[in-house]
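Residue numbers begin at 1 in each chain, while the letters A, B, ... track the order of the sequences.
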Amino acid sequence: MTRYSVFSVLKGGLTGQKNWTRAWRDPEPKKSYEAIIIGGGGHGLATAFYLAKNHGMTDIAVIEKGYLGSGNVGRNTTIVRSNYMLYDNAHFYEKSMELWEQLSHELNYNVMFSQRGILNLGHSDAQMDGMARRGNAMRLNGIDAELLTREEALKYVPMADRSENARFPIYGGLMQPRGGTARHDAVAWGFARAANNLGVDLLQHCEALDFVVEDNKIKGVVTSRGTIMADKIGLAVAGSTTTLTDKLGLKMPIETHLLQAMVSEPLKPWFDGVVTFGAGHFYLSQSDKGGLVFGGDLDGYNSYAQRGNLPMVNHVAQSGVALVPAIGRVRLLRHWAGVMDMSMDGSPIISKTPIEGLYLNAGWCYGGFKATPGSGWCFAETIANDAPDWRNQGMTLDRFERGHIIDEKGAGPIPGAH
Amino acid sequence: MLVINCPWCGPRDMEEFTYVGDGTLKRPEIGSEETDQKAWYEYTYIRDNPRGPHLEVWHHAAGCRQHVRVKRDTLTHEIHGCWPASGEMADTTEGETK
Ligand SMILES: Cc1cc2nc3c(=O)[nH]c(=O)nc-3n(C[C@H](O)[C@H](O)[C@H](O)COP(=O)(O)OP(=O)(O)OC[C@H]3O[C@@H](n4cnc5c(N)ncnc54)[C@H](O)[C@@H]3O)c2cc1C
Ligand SMILES: [Zn+2]
């Protein structure tokens, strides 16, 4: 496979772009592997990459029911941050952030990671107090955080409503300067290509249908392309988690919900940051293609439909116009949805399961894109060593039964509220 | 857009409702032997999360303020029927609305 470099680009320019080869092979499934990862989204692909890279496990396959990156990894709004407060989340997401900072080099693939900062706005004294608390917790964990005054915040989002009439006046905000965005498809493709180069088989259009289990040990997976054996199997299927755990008789603290995102017609460069509204659910950035990318809250009801309804589009637009009135003049180009694995405490699960050799990666809610490298790193660790990394030690499946929940917002066991 | 046929008000836009959640959960009874930790754990945290017909509760918050039990397909969003949340339900397999 071609190694991408400035020279390969120049060579391509001089030779009619004939030097490019396929980014990854399209192999036939083998009868068995050392390990199989189910789900060719960001997390599955990253897990395969780190299994091969960090643990020398190259006899592995990723099986994906559609094409690589057809799930949430290609549907999200690309925000990357590590502004968490609780111990179990903070160190995990910060590890992910450190991996992001080197990812394009590590993968030899430009994931267009842009540390443009992310600003959460506050609109009341109470909200600013809450932000000071979160910011202090972050700094104690060694994560960058800055509390901004109203003037500083407005400098970062100059187009926000600063008038006397603003429905929710801006009091200030909490900024994570190292946060930002990355090109989501490139993350899937970069991990896929790098895993493939280390010998991983990427099996597309290969749906996991059932499992082979003997004496409570995982032995293989029945797929639409035949039964494939492996003593270690990792599940990383996001919103589809319970459709597979049902086959294993495992009960899950997860509900599947839909989340929509929207993009406007392309504009000239206008906003070079990421901002979230504190008085309603709305967040905004501008893509390199010029479109304003924004989204809001879940539609709110269980759904596997990968499409949403108009009331939420309307609601998001209202919040957007309250924050940045100018976007009322912009036309919406597209809106779409993905299916989220909403966990009961809003935090993820990277864990062993009651079945030996079966590992679970799920419960990403709507924040799993930023977790992609960290999740792959920790899940690979958990699978290779049959024990968690210290950073995902708290993210167990049995924490709900033990009462050790990780509830950042204190929202309680209501998946739609996280 | 979902249209929920409230048993008291008739067909209404989903925007008038708040989603409550899974309508099959049974709260363990206080004082019965069900009050062991496992029953409460399952009631609080475990959901069936089907990909298909789902029995769920919506609250007609901006209407009559009654709770409505709805059978809705989570894959197609099609609504098969609506009933009062309390009391006996009609035969949910038939999808007829009371
Ligand atoms: C609209 C939207 C906006 C978002 N915004 C952000 C954001 O700004 N920042 C952020 O951090 N996160 C965001 N997220 C969340 C993030 O995208 C997800 O949490 C994350 O992508 C989930 O992990 P994944 O990439 O592995 O999932 P996916 O890409 O969904 O991967 C799962 C894969 O499993 C496959 N699969 C399912 N069932 C089977 C089967 N039986 N056999 C084989 N394969 C199967 C699916 O086809 C899919 O490709 C957003 C999500 C959405 C929908
Ligand atoms: Zn009513």
Taking side-chain contact (heavy atoms from CB on, under 4.5 Å) as the criterion, tell me which of A:M342, A:M344, A:K251 meets it with B:R47. A:M344

Distance (rounded to the nearest 0.5 Å) between [X] [atom1] and [Y] [atom2]:
X      : Y      : atom1 : atom2 : answer
A:I254 : B:I46  : CD1   : CD1   : 9.0 Å
A:R307 : B:T76  : CZ    : OG1   : 7.5 Å
A:M312 : B:E15  : CE    : CD    : 9.0 Å
B:H54  : A:N302 : NE2   : CG    : 4.5 Å
B:Y45  : A:R399 : OH    : CZ    : 10.0 Å

Check the orientation of B:Y19 and A:Y301. Use parallel for under 30°, tilted for 30 to 60°, and perpendicular for over 60°.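 Plane angle over 60°, so perpendicular.
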
Below 4.5 Å, heavy-atom pairs only: which of A:S240, A:S343, A:A305 has the largest tally toward chain B? A:A305

Is A:I405 in contact with chain B via its backbone, its side chain, both, or neither, using a 4.5 Å heavy-atom distance?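 A:I405 touches chain B through side-chain heavy atoms alone.
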
With a 4.5 angstrom heavy-atom cut-off, is it the side chain or the backbone of A:S303 that approaches chain B, or both, or neither?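 Both backbone and side chain.
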
Side chains of A:T256 and B:N49 only: does a donor on one sit below 3.5 Å from an acceptor on the other?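 Short answer, yes.
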
Considering residues, nucleotides and ligands other than [X], do more than 12 of their heavy atoms fall under 6.0 Å from its [atom1]?
X      : atom1 : value
B:D48  : CG    : no
A:E356 : CD    : no
B:Y43  : OH    : yes

Side-chain heavy-atom pair A:T242, B:R51 within 4.5 angstrom cut-off: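 Of all side-chain heavy-atom pairs linking B:R51 with A:T242, none is under 4.5 Å.
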
Do A:L258 and B:H77 touch side chain to side chain, with heavy atoms closer than 4.5 Å?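 In short, these two side chains touch, coming nearer than 4.5 Å.
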
Would you sort out whether A:Y304 and B:D73 count as a side chain to side chain donor-acceptor pair (under 3.5 Å), showing the intermediate values? CA-CA 9 Å; A:Y304 286 85; B:D73 193 303; over 6 Å; no

